[in-house]
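First comes the structure, then the notes that go with it.
Not measured: the values here are computed from a predicted model.
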Amino acid sequence: MLLILLFTLILINGALFILAGNLILPIIVTAISCVVFIFFTYFFRISNRILIADDNYIIAPADGNIVVIEPVMENDYFHEERMQVSIFMSVFDVHANWFPVSGKVLHVSHQNGRKMAAYLPKSSTENERSSVIIEARNGQKILVRQVAGALARRIVTYAKEGTECHINQQLGFIKFGSRVDMFLPMDAEILTELHEDTIGNETIIAKLKHQSAED
């Protein structure tokens with residue numbers, strides 16, 4: 001996408017320098033083009049982050065700010081009460097998403113929806129979204145949901161059903177303001193707080209209960 005944008009800007013600015021009667025307009029457009037390209041380059045940056053963590057820990061799937069920590073009824077897949085933890089990403093955050101836990105991808109789906117502001121509670125169920133269910137290595141299942149915001153134009157999900165996933169591996173990418181919801185087991189130990197800033201693939205969000213062979 002950045003290469004396409006770069007070539008488009010070069011063509012536009014080149015045409016203006018050739019066709020314009022004076023240099024004022026081309027110089028103004030070139031300055032604006034540079035700002036636009038720098039912004040997009042900054043927005044689509046992806047940090048190389050490596051974390052070593054126990055398989056029972058849930059790691060932040062995104063940069064941002066925690067806007068929800070509460071028990072909710074998850075009616076799309078689990079049909080039971082779950083602990084929801086949601087991270088809101090502003091346009092200034094890295095918008096790459098990471099797998100929050102190592103395990104196996106059981107389900108991937110995409111739903112079209114509205115474009116309301118991602119920090120609103122209803123955005124989780126009414127906005128465009130992509131849902132990924134992961135079975136952690138201890139047998140517990142979590143739902144990770146990428147939610148588009150008012151400015152988001154596309155959700156990209158790399159997760160594939162039936163494949164193994166790992167911490168340090170990218171789950172996907174959301175273009176522009178958005179959020180990521182996680183629906184954890186009710187007995188998960190929450191290790192973060194509301195309004196806390198998170199760093200994707202670094203901040204520890206929760207710890208899953210260790211399951212014995214009898215569970």
(message) Tell me the closest heavy-atom pair linking Thr192 and Glu196, and the distance in Å.
(response) OG1-OE1, 2.7 Å
(message) Please tell me whether Leu106 and Val144 are part of a single hydrophobic cluster in this structure, the criterion being side-chain heavy atoms less than 4.5 Å apart.
(response) no
(request) Any chance you could measure Gln170, atom CD, to Tyr158, atom OH, to the nearest 0.5 Å? (result) 5.5 Å
(message) According to side-chain contact (heavy atoms from CB on, under 4.5 Å), who are the partners of Ala136, at least two apart in sequence or on a separate chain?
(response) Val101, Asn138, Leu208
(message) Tell me whether Leu143 shares a hydrophobic cluster with Trp98, the cluster being built from Ile, Leu, Val, Met, Phe, Trp, Tyr side chains joined at under 4.5 Å.
(response) no
(request) Count the heavy atoms of every other residue, nucleotide or ligand shown that sit under 6.0 Å from NE2 of His195, and state whether that count exceeds 12. (result) no
(request) With sequence neighbours left out, write down each residue that passes salt bridge (charged side-chain N to carboxylate O under 4.0 Å, His left out) with Asp197, or none if nothing qualifies. (result) none
(request) May I ask whether Tyr57 and Ile167 are part of the same hydrophobic cluster, defined by side-chain heavy atoms of I, L, V, M, F, W, Y residues being less than 4.5 angstrom apart, directly or through others? (result) yes
(request) Could you tell me whether the side chain of Ile204 reaches within less than 4.5 Å of the side chain of Ile59, counting heavy atoms only? (result) yes
(request) Using the side chain to side chain contact (heavy atoms under 4.5 Å, CB included) rule, pick out the option among Ile87, Ile155, Val180 that qualifies with Asn97. (result) Val180
(request) Calculate, to the nearest 0.5 Å, the distance between atoms CD and CD belonging to Glu135 and Glu164 respectively. (result) 9.5 Å
(message) Among residues at least two apart in sequence or on other chains, which ones pass side-chain contact (heavy atoms from CB on, under 4.5 Å) with Asp187?
(response) Gln140, Pro185, Lys209
(message) The criterion is side-chain hydrogen bond (donor to acceptor under 3.5 Å, both in side chains); which residues satisfy it with Ser86, sequence neighbours excluded?
(response) Gln84, Arg179, Asp181
(message) Do Asn127 and Ser178 make a side-chain contact, defined as non-hydrogen atoms from C-beta onward lying under 4.5 Å apart?
(response) no
(message) Applying a strict under-4.5 Å side-chain criterion to I, L, V, M, F, W and Y, I'd like to know whether Met186 and Ile205 cluster together.
(response) yes
(request) Kindly write out the residues that satisfy ring-ring contact (aromatic ring centres under 6.0 Å, His included) with His107, not counting sequence neighbours, or none if the list is empty. (result) Tyr77
(message) Could you tell me if the side chain of Phe78 sits less than 4.5 Å from the side chain of Ile133, heavy atoms only?
(response) yes
(message) Between Ser131 and Asp76, is there a side-chain heavy-atom distance shorter than 4.5 Å?
(response) no
(message) Restricting to side-chain hydrogen bond (donor to acceptor under 3.5 Å, both in side chains), what partner residues turn up for Glu81, sequence neighbours left out?
(response) none
(request) State, with a plain yes or no, whether a side-chain heavy atom of Ile142 is found less than 4.5 Å away from one of Pro100. (result) yes
(request) Quick one: list whatever passes side-chain contact (heavy atoms from CB on, under 4.5 Å) with Lys160, sequence neighbours left out. (result) Thr163
(message) If you compare all heavy atoms of Ile69 against all heavy atoms of Ile190, which two are closest, and at what distance to 0.1 Å?
(response) CG2-CG2, 4.2 Å
(message) Once salt bridge (charged side-chain N to carboxylate O under 4.0 Å, His left out) is applied, do any residues pair with Glu80, and if so which ones, sequence neighbours excluded?
(response) Arg82
(message) Could you check whether any side-chain heavy atom of Met182 comes within less than 4.5 Å of a side-chain heavy atom of Met83, counting everything from C-beta outward?
(response) no
(request) State, to 0.1 Å, how close Asp55 and Arg137 come at their nearest heavy-atom pair, and which atoms those are. (result) OD2-CD, 3.2 Å
(request) Return the set of residues passing side-chain hydrogen bond (donor to acceptor under 3.5 Å, both in side chains) with Thr157 (not counting sequence neighbours), or none when no residue passes. (result) Ser130, Gln146
(request) Would you give the length of the straight line joining atom CE of Met89 to atom CG of Asn65, rounded to the nearest 0.5 angstrom? (result) 12.0 Å
(request) Report yes or no: do Ile58 and Ile134 belong to one cluster of Ile/Leu/Val/Met/Phe/Trp/Tyr joined by side chain heavy-atom distances under 4.5 Å? (result) yes
(request) Evaluate the side chain to side chain contact (heavy atoms under 4.5 Å, CB included) criterion for residues Val72 and Phe183: first the C-alpha distance (whole Å), next the side-chain angles of each, then the deciding distance (0.1 Å), finally the verdict. (result) CA-CA 9 Å; Val72 298; Phe183 297 87; 3.7 Å; yes
